[in-house]
Amino acid sequence: MPTFRPDLESIPRYVPGRPIDEVARELGIESIDKLASNESPEPPFPAVIEAVASAASTLNRYPDSSCYDLTRAIGSHLGVPPDAVWVGAGSSEILRCTALSVGGPGTSAVYAKPSFVMYTISTVISGSEPLEVPLTAAFDHDLDAMLGTIRPDTTLVYVCNPNNPTGGIRSGVDVGAFIDAVPSTVTVIIDEAYAEYVTDASYASMVSLALERDNVLVARTFSKIYGLAGLRVGYGVGAPELLAKLRRTQAPFTVNAPAQAAGIEALRHQPEVEQRRVENAESRQHMTDELTDRGFEVAPSEANFVYFEPDIDASVLGDALLRQGVIVRVLGGGIRVTVGTRKENQRFLDAIDAVGAEHA
Ligand code: PMP
């Protein structure tokens, strides 16, 4: 029997949203709608698909490990210098490398619960101790409690804003004050994976504040509003000295050439991004209203998903919706459903009604 690290079994498994084909095979249903992984319901912009196709012809070569052009494109999009940008294979890689670079045995990491499950996974993989702080009753990050949880051995704090799976935000003022109050020895990750969907005026990205501090990293992704989840490209923004340290744990060549080309092209389509933001906000409101009308208490969302905790067992409801051909995500006592196309959203609401009828 080979020897494994003793804590291997304690690393939680990431359970991905179930693939459409798998569910279709299992249930013998032809058409399945997947509203489980907070993906964009829209395909990538046509020019992005062309850029990917054209980059495919370079695949005999290793990609540019420094992501030179994409780093510059992101920098000019955000108005920050290129050396304040760190590209990774999805923001998951940025999160994991950060945890590996600041963590290790004898350290701890603070994050909210429920929040993005990768925080737990990265913390445990890095050998740090997870310190989980429940959301408030209103499903918000309890920033005061998080501050109070930071210990002398804490090296990392995550704030997921908007929060996955609940969708709520903390205001720019609150997050800024939180960052000010965190000891300077602690790295703060502000995970803004869903920032492009936010419409609430009190929200503020921490990108500019990150550049003024040496311990703040903002994580962003092309997986959501840009519709590139399948390509795996995301980035971190922070002080160049911080990034130089954090990227030591990143393997070379993790971001392939089509992904880099896609990111560059995607950033050129801000009017389409704006349109997606508006459409998502309309559909998000519609789903919130429709679920509220049906008696569910829906957490106010600024992201591309909504979250509610049904009276019945969430996994029973999730299974029943699956039998109706709609894949949602069951997380503890809650259901998270991604905002899809109008048709998909309607199918979800019809499925809720059909299930309601089933349970009546
Ligand atoms: N952060 C949050 C809060 C997320 O929900 C996700 C994706 N589910 C990510 C980061 C990672 O996305 P990716 O690795 O695709 O960039």
Side-chain angles (χ1 to χ4, degrees), residues 12-19 34-41 44 67 70 74 85-100 109 111-123 125 132 135 139-141 156-170 175 188-198 203 205-207 217-237 250-251 254-256 258-260 262-263 266-267 280 299 301-307 327-331 334 336-340:
R13 280 204 183 87
Y14 183 79
V15 185
R18 295 189 62 191
K34 184 181 173 202
L35 298 175
S37 298
N38 299 344
E39 296 150 330
S40 167
C67 300
L70 178 55
I74 294 167
V85 178
W86 168 28
V87 180
S91 53
S92 309
E93 187 184 41
I94 301 291
L95 300 176
R96 193 183 63 253
C97 290
T98 301
L100 290 171
Y111 54 87
K113 194 172 172 77
S115 194
F116 185 35
V117 67
M118 278 302 297
Y119 307 154
T120 315
I121 295 176
S122 300
T123 300
I125 287 180
E132 301 179 335
L135 297 178
F139 299 120
D140 288 327
H141 269 61
L156 187 56
V157 176
Y158 299 80
V159 176
C160 190
N161 204 32
N163 188 47
N164 175 10
T166 48
I169 54 155
R170 292 296 307 248
V175 178
V188 186
I189 291 183
I190 308 295
D191 186 343
E192 299 184 353
Y194 301 97
E196 293 91 346
Y197 291 108
V198 175
Y203 182 80
S205 168
M206 290 297 123
V207 159
L217 180 78
V218 172
R220 292 277 193 98
T221 182
F222 286 97
S223 297
K224 305 300 173 185
I225 208 160
Y226 291 100
L228 293 172
L231 266 188
R232 315 304 305 121
V233 54
Y235 55 93
V237 182
Q250 186 177 27
T254 56
V255 187
N256 62 63
Q260 295 184 35
L267 289 172
N280 176 75
S301 173
E302 287 293 318
N304 67 336
F305 52 85
V306 295
Y307 177 87
I327 317 175
V328 297
R329 189 66 76 94
V330 177
L331 296 141
R336 189 196 68 196
V337 50
T338 304
V339 174

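Residue numbers run from 1 in the order of the sequence given. Remember, it's 1-based here, ligands and their atoms both numbered in the order they're listed. Bear in mind the structure is a predicted one, so any value in this text is a computation, not a measurement. Excluded from the calculations below are hydrogen atoms, water molecules and symmetry mates; all remaining heavy atoms, backbone and side chain alike, are included.
The distance between the ring centers of Phe222 and Tyr235 falls below 6.0 angstrom.
Close approach to Asn164 involves these atoms of ligand 1, each under 4.0 Å from a residue heavy atom: 3 (C), 4 (C), 5 (O). Each of the atoms 13 (P), 14 (O), 16 (O) of ligand 1 lies under 4.0 Å from some heavy atom of Gly90. Close contacts of ligand 1 with Arg232, meaning ligand atoms under 4.0 Å from a residue heavy atom, involve 13 (P), 14 (O), 15 (O). For ligand 1, the atoms sitting less than 4.0 Å from at least one non-hydrogen atom of Lys224 are 7 (C), 8 (N), numbered in the order shown with element in parentheses.
Between Tyr307 and Leu331, the shortest heavy-atom distance links the atoms OH-O, 4.0 Å. Between Ile169 and Asp140, the shortest heavy-atom contact is O-OD1, 3.9 Å. The heavy-atom pair separating Ala266 from Leu228 by the smallest distance is CB-CD1, 4.1 Å.
Of all the listed residues (Leu95, Leu228, Asp191), Asp191 holds the heavy atom that lies closest to atom 1 (N) of ligand 1.
The nearest protein atom to atom 15 (O) of ligand 1, hydrogens excluded, is given as Ser223 OG, 2.6 Å; this is a heavy-atom distance. In terms of protein heavy-atom proximity, atom 6 (C) of ligand 1 is closest to Phe116 CZ, 3.4 Å. For atom 12 (O) of ligand 1, the closest heavy atom belonging to the protein is Ser91 OG, 3.5 Å.
Heavy-atom separations between Tyr194 and ligand 1 include at least one value shorter than 4.0 Å. Taking a 4.0 Å cut-off on heavy atoms, Met118 fails to register as neighbouring ligand 1. The closest approach between any non-hydrogen atom of Gly234 and ligand 1 is not below 4.0 Å. Note on ligand 1: Cys160 sits in its first shell, one or more heavy atoms being nearer than 4.0 Å. Look at Glu93 and you'll find every heavy atom at least 4.0 Å from all atoms of ligand 1.
Taking 4.0 Å as the cut-off between side-chain N and carboxylate O, Glu39 and Lys224 do not count as a salt-bridged pair.
Between Asn161 and Tyr194, the side chains place no donor N or O within less than 3.5 Å of an acceptor N or O (distance only, hydrogens not considered).
Within the 4.0 Å heavy-atom criterion, both parts of Ser92, backbone and side chain, lie near ligand 1.
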From CA spacing to verdict: side-chain hydrogen bond (donor to acceptor under 3.5 Å, both in side chains), Ser205, Arg220: CA-CA 10 Å; Ser205 168; Arg220 292 277 193 98; 3.2 Å; yes
side-chain hydrogen bond (donor to acceptor under 3.5 Å, both in side chains) between Arg336 and Asn164, worked out: CA-CA 9 Å; Arg336 189 196 68 196; Asn164 175 10; 2.7 Å; yes
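Looking at Gln250, its side chain never comes within 3.5 Å of a backbone N or O of Glu93 through a donor-acceptor pair.
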